[in-house]
Number of protein chains: 2
Amino acid sequence: MNKDIEIEFSEKAEIFKALAHPTRLFIIHAVKDKIMLVKELTKLVGIDISTMSKHLDILKRHKIIEGKRNKNFIYYRLAIPCVLDFMSCAMKVISKK
Amino acid sequence: MNKDIEIEFSEKAEIFKALAHPTRLFIIHAVKDKIMLVKELTKLVGIDISTMSKHLDILKRHKIIEGKRNKNFIYYRLAIPCVLDFMSCAMKVISKK
DNA sequence: ATTCTATTTGGTGATTTTGCCAATCATAAT
DNA sequence: ATTATGATTGGCAAAATCACCAAATAGAAT
């Protein structure tokens, strides 16, 4: 792989890495039709809130979700609904419902 | 997350993990319209052949590619072309060409 | 049977990712 | 100004991933 190709595929891989964690996939499904708070998500998943915050940060940095502040609450929502399309496509084909 | 949900999202995450590496994405593109040998792929990417073999194994285990033996060569090809669709969709939307 | 080529497997150190705790920051309420 | 609540950040240990080397396997050819 030459340098350009190398960079191209590394960037693409970054996106898959951002999605490659059960908690982060759960978050995507949770915020797909309902704006949610960090605390709510944390409770649903059952992990430390600092861990949740870091997962949210990863998704945010890749522009997969968006956070909006109101008072001192931060509401998260799905930024690119298309993510759901290719996720369900992937799952159907690879046969995990 | 209860146990079932946990398992569901872990399984889904496994697929994204399988795709979350530049070399493995490169392999998918390389075999999408041309059946290829391990050695050929190794040369193209420029890594140790044992490393390549392990990457191929990961894709194989997730049924993303298929290997067929002829003599003592193993030819790899893309098993689920749909992977390309959702990859290009993902990339377009997330704005990495 | 031995040798040769293609590929896989085992092992190990290096790097990355993950998750918790503690500390900090941001905003609101008193 | 102090306190309280929601969220993020820094640090560290545990776990997972990665890449190389060396050794093993599979099959073909001699």
Side-chain angles (χ1 to χ4, degrees), chain A residues 1 5-7 9-28 30-31 34-77, chain B residues 1 5-7 9-28 30-31 34-77:
Chain A
M1 278 202 275
I5 303 279
E6 163 78 39
I7 289 171
F9 284 103
S10 292
E11 284 177 348
K12 289 182 176 179
E14 282 306 310
I15 295 166
F16 286 101
K17 277 199 225 173
L19 297 170
H21 191 288
T23 297
R24 294 197 289 272
L25 292 182
F26 179 87
I27 293 169
I28 290 170
V31 302
K34 185 175 180 304
I35 289 169
M36 295 193 87
L37 300 174
V38 181
K39 215 176 178 182
E40 292 180 299
L41 290 165
T42 302
K43 194 159 193 180
L44 281 176
V45 177
I47 56 176
D48 193 272
I49 194 167
S50 68
T51 304
M52 176 56 78
S53 184
K54 282 170 186 173
H55 282 305
L56 290 167
D57 186 54
I58 290 170
L59 292 173
K60 217 186 321 177
R61 282 207 308 274
H62 289 86
K63 310 211 188 295
I64 295 166
I65 61 171
E66 264 175 23
K68 198 162 198 170
R69 174 164 233 131
N70 184 313
K71 310 250 180 185
N72 61 343
F73 297 86
I74 299 183
Y75 296 88
Y76 280 98
R77 68 181 193 78
Chain B
M1 279 203 275
I5 303 280
E6 162 78 38
I7 289 171
F9 284 102
S10 291
E11 284 177 349
K12 288 183 177 180
E14 282 306 310
I15 295 165
F16 286 100
K17 278 199 226 174
L19 297 171
H21 191 287
T23 297
R24 294 196 291 272
L25 292 182
F26 178 86
I27 292 169
I28 289 171
V31 301
K34 185 175 180 304
I35 290 167
M36 295 192 87
L37 300 175
V38 182
K39 212 175 179 184
E40 291 180 300
L41 289 166
T42 302
K43 193 158 195 182
L44 281 176
V45 178
I47 56 176
D48 193 272
I49 195 166
S50 69
T51 303
M52 176 55 78
S53 184
K54 281 170 185 172
H55 282 305
L56 290 166
D57 186 54
I58 290 170
L59 292 173
K60 219 187 321 178
R61 281 207 311 274
H62 289 86
K63 309 211 188 294
I64 295 166
I65 61 172
E66 263 175 23
K68 197 161 200 171
R69 173 164 233 132
N70 183 313
K71 311 256 178 177
N72 59 344
F73 298 86
I74 300 185
Y75 296 87
Y76 282 98
R77 68 180 193 80

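Between the CD atom of A/Glu11 and the CG atom of B/Leu25 there is a distance of 12.0 Å, given to the nearest 0.5 Å.
Counting heavy atoms from C-beta on, the side chains of B/Lys39 and B/Phe73 never come closer than 4.5 Å.
A salt bridge is defined here as a Lys NZ or Arg NE, NH1 or NH2 lying under 4.0 Å from an Asp or Glu carboxylate O, and A/Lys43 with A/Glu40 fails to meet this definition.
Between A/Leu56 atom CG and D/dT8 atom C1' the separation is 11 Å, expressed in whole Å. Whole-Å rounding puts the A/Asn70 CG to D/dA7 C1' distance at 14 Å. Between A/Leu37 atom CG and C/dA28 atom C1' there is a gap of 15 Å when expressed in whole angstrom units. If you measure from atom NZ of A/Lys43 to atom C1' of D/dG6, you get 14 Å, rounded to the nearest angstrom. For the pair B/Leu59 CG and C/dT7 C1', the interatomic distance rounds to 16 Å; values are reported in whole Å. In this structure, B/Lys60 atom NZ and C/dT8 atom C1' are separated by 8 Å, rounded to whole Å. Between the C1' atom of D/dT8 and the CZ atom of A/Phe73 lies a distance of 16 Å, rounded to the nearest Å. When rounded to the nearest whole Å, the span between CD1 of A/Ile49 and C1' of D/dA4 equals 14 Å.
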Original post:
Nucleotide by nucleotide, 5' to 3', does protein get under 4.0 Å of the base (B), only the sugar-phosphate (S), or neither (-) in nucleotides 16-26 of chain C, counting heavy atoms?
Top reply: -SSSBBB---B
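For D/dG27, neither phosphate oxygen OP1 nor OP2 lies less than 4.0 angstrom from any side-chain nitrogen or oxygen of B/Lys71.
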Original post:
Does the side-chain contact (heavy atoms from CB on, under 4.5 Å) test come out yes or no for A/Leu41 and A/Leu56, once each step is laid out?
Top reply: CA-CA 10 Å; A/Leu41 290 165; A/Leu56 290 167; 4.0 Å; yes
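Among the heavy atoms of the strands lying under 4.0 Å from A/Tyr76 are primed sugar atoms or P, OP1, OP2 only; no base atom is included.
Taking the six-membered ring where tryptophan is involved, the planes of A/His55 and A/His21 are tilted, since the angle between them lies from 30° to 60°.
Residues B/Ile64 and B/Ala18 come closest through the heavy atom pair CD1-CB, 4.1 Å.
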